[in-house]
Amino acid sequence: MAQAVSPSTAAEKAASVPDPEKVQRSADGLARMREVLKDVLSKLEEARNTKDVVKLNCVNEKLTQIKGLLRISEQADVSLQEAVARKETAAAEHEFTKVTIARQKVDQLRSEAEECIGQLAFRTDENLTVEVETPQDLPKNDVTNPEPPPPLVVRPPPASPST
Amino acid sequence: MNALRRKAVLLALLLAPSAGWAQATTIGDNGLNMGEGRLHPYVDAELDYDSAAGFFGPGNGSIGSLTGEWILHVRPGFRLEYPASWVNLSLNADLDRVQYLGLANPNAAEPSHWEGAANFESSFNQKGAVEFDLGDNFSYLQQTTDPVIGIGVLTLHNEAHASLPIHPGGGALSVTPGGSITLEQYSPIDNSQICTPPSPNDPNCNPVLLANFNFVDVQGNLAASWRFLPKTAVSIMGSYDARAYQNDPTNAAQLMHAGAGLTGLLTSKIAVTAKLGWAQEFAKATGTLTAHAELNYLVSDTSNMRIGYLRDLQSVPQFGVYADDRGYAELRFFLGGRLTLRAYGAYDALAYAGGTRSDQMVTIDAGPQYQFVRWLIAAAGYTFNYRNTNVTQSALVNYTRNVGYVRLTLTY
């Protein structure tokens, strides 16, 4: 799973990247996020085919977040190109940081979407509940521990000669 | 019905409200407050006519024939139940005056005697993952679990047992190690020899030698069950018994049981028991297959009908071990909140180690019980016992017994 990058760390990294490379890396990041979007869309289809509404909702939630991040990143990429053209270094670093963080977050969401499909059964949290349905007409007694047959006992007659 | 079985049924009906079909006959909120528990005193009076009450002589010192007699039981006792949050305690105890009335035979009063029984059970941390159970069953009754004995005998029986049920999580899986120590001692009601012909060296015929059969039995056991459906479980179990006789070291027994099976519901109305195992006695190198199969039709929570077959190997004096093949059937109905009907029938075929002796027994026990009010319960019934052996010198073992009884119980 991808680790989230804090904004301050991303900003420091952005400062060390030359402006032309910022544009290139941002474009790569967008391409990467679009690939992830396609991948998660296929997972959504997979979940739909299994007719498992829990999986479907889970993947759909991740997909929605990825779309939002992609939209923000596309706007940031445009702004980045404008800032580089105007030689506005601070603005360029800010937009580049947005794209960098969005890419990390999208990678994380991709991993979570995979868990929705393949590993959901092994995940539990405080919201998970298990409902066991028991037939209504079962006896109340514990029939798995039945009363054993009575022990073998004998009561021979006594003798009384009465002398 | 023998005294133990009748006592057990009586206790189940009147004194054990947690026992399934007896729930409707609970005593309720009466009883004396004892902290978090309640004490229920009771007394019952029972009149029996026993067609095989004893060998009552004509008064000239000789042994007469097996004859019938009226017998009165007066049985005061109490039950203590203490269901606290950390421990569940129960104690049942009674004293029983058994009075041969001498109405049918004037010489029949001599076997009159006192009997008694006490049963203590405790469970600690019942709701926890690790529970501890401790109990003791004591009785002094005119009966025995030793089917070899053919003479009327008073048996002092005490069994102390402990177990450590471990049921983690929801309790579907349970593992229970345990152990018990059992002591049984015999004393004759009368010292007369009644075998025909006389056999003074045979403890079955000579009551003076009955002490040879006194024994101590130490058992260790382990059971595990897994409830894979809400009312159906698979289980495995094993036990090892070491039994030593007071004056008969040659027949000391080392008996092991091991088995596995399934118990519980097949449908919502039909429950089964299907167990198969092996029993091995090491001292005499005797082993046999053991089995328990039962089909139980659950009419309701308090009414059922069951039929079954049981094969088991048990320790016994003089022979070491015996195999018991039993077929049985039982009906239990609870009607209208007050009336209980019960009928039980069984046939036992006993085969003793060595192949020199085999016994047959037939038992029938039927009767109603009615609870007029919470503190007054009446019961009546009929029991039939047939006992036969192929050993000629123990001719007294062969008898047929018919018993009719009425019983009235007052309880608070």
Side-chain angles (χ1 to χ4, degrees), chain A residues 1 46-47 49-62 111-163, chain B residues 2-5 8 20 52-64 66 107-108 110-111 142-147 149-153 189-190 192 194 225 227 230-233 263-265 268 271 273 294 296 298 301 308 310 314 324 326 328 344 346 348 361 387 396-397 399 401:
Chain A
M1 181 181 295
E46 188 182 334
N49 291 338
T50 62
K51 299 185 189 305
D52 188 331
V53 70
V54 177
K55 286 182 179 178
L56 185 64
N57 287 342
C58 180
V59 176
N60 205 28
E61 179 192 337
K62 309 304 174 191
S111 299
E112 290 176 9
E114 287 172 351
E115 289 180 6
C116 290
I117 296 296
Q119 299 180 20
L120 193 61
F122 306 102
R123 296 180 63 210
T124 59
D125 58 32
E126 68 278 6
N127 296 321
L128 180 68
T129 59
V130 178
E131 292 184 6
V132 179
E133 289 187 9
T134 304
Q136 298 295 317
D137 56 348
L138 293 184
K140 296 182 181 68
N141 302 332
D142 182 11
V143 290
T144 62
N145 190 20
E147 181 185 352
L152 182 72
V153 290
V154 293
R155 188 164 66 93
S160 178
S162 298
T163 53
Chain B
N2 60 61
L4 176 63
R5 190 168 295 142
F55 295 87
F56 302 122
N60 59 4
S62 63
I63 297 298
L66 189 60
N107 298 320
E110 282 194 10
Q142 183 191 337
Q143 63 169 34
T144 172
T145 57
D146 173 6
I149 293 177
I151 304 173
V153 62
I189 294 177
D190 189 280
S192 304
I194 49 177
S225 70
R227 215 165 45 229
K231 297 286 181 179
T232 311
T263 54
L265 292 181
S268 60
T273 297
E294 182 181 284
N296 189 359
L298 307 168
D301 279 339
L310 178 70
Q314 291 291 335
D324 179 8
R326 178 188 301 182
Y328 63 93
Y344 174 79
D348 287 272
M361 295 184 193
R387 188 177 177 194
L396 77 160
V397 172
Y399 61 82
R401 164 177 281 139

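Residue numbers begin at 1 in each chain, while the letters A, B, ... track the order of the sequences. Here the structure is a predicted model, which is why all the values come from computation and not from measurement.
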Evaluate A:V143 against B:L298 for side chain to side chain contact (heavy atoms under 4.5 Å, CB included), listing each step before the verdict. CA-CA 10 Å; A:V143 290; B:L298 307 168; 4.0 Å; yes
Return the CZ to CZ distance between B:R387 and A:R155, rounded to the nearest 0.5 Å. 12.0 Å
How many angstroms lie between atom CZ of B:R227 and atom CG of A:D142, to the nearest 0.5 angstrom? 6.0 Å
Are A:L152 and B:D324 close enough, and set up right, to give a side chain to side chain contact (heavy atoms under 4.5 Å, CB included), and what steps lead you there? CA-CA 9 Å; A:L152 182 72; B:D324 179 8; 4.2 Å; yes
Closest approach of [X] to [Y] (non-hydrogen atoms, all atoms of both residues):
| X | Y | value |
| --- | --- | --- |
| B:P147 | A:V154 | CA-CG2, 4.1 Å |
| B:T263 | A:T144 | OG1-O, 2.8 Å |
| A:P139 | B:D301 | CA-OD1, 3.3 Å |
| B:K231 | A:K140 | NZ-O, 3.4 Å |
| B:A53 | A:P158 | O-CD, 3.0 Å |

Report the residues that fulfil side-chain hydrogen bond (donor to acceptor under 3.5 Å, both in side chains) with B:D348, sequence neighbours left out, ordered by chain and then residue number.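 Expected list: B:R326.
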Report yes if some heavy atom in the side chain of B:Q142 is under 4.5 Å from a heavy atom in the side chain of A:P156; otherwise report no. no
Is the shortest heavy-atom distance from the side chain of B:Y328 to the side chain of A:P150 under 4.5 Å? no
With a 4.5 angstrom heavy-atom cut-off, which part of [X] approaches chain A: side chain, backbone, both or neither?
| X | result |
| --- | --- |
| B:A233 | both |
| B:T273 | side chain |
| B:I189 | side chain |

Partners of A:L56 by side chain to side chain contact (heavy atoms under 4.5 Å, CB included), sequence neighbours excluded?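 A:L56 satisfies side chain to side chain contact (heavy atoms under 4.5 Å, CB included) with A:L44, A:A47, A:R48 once adjacent residues are dropped.
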Given heavy-atom pairs under 4.5 angstrom as the criterion, report whether the side chain, backbone, both or neither of A:P146 touches chain B. side chain
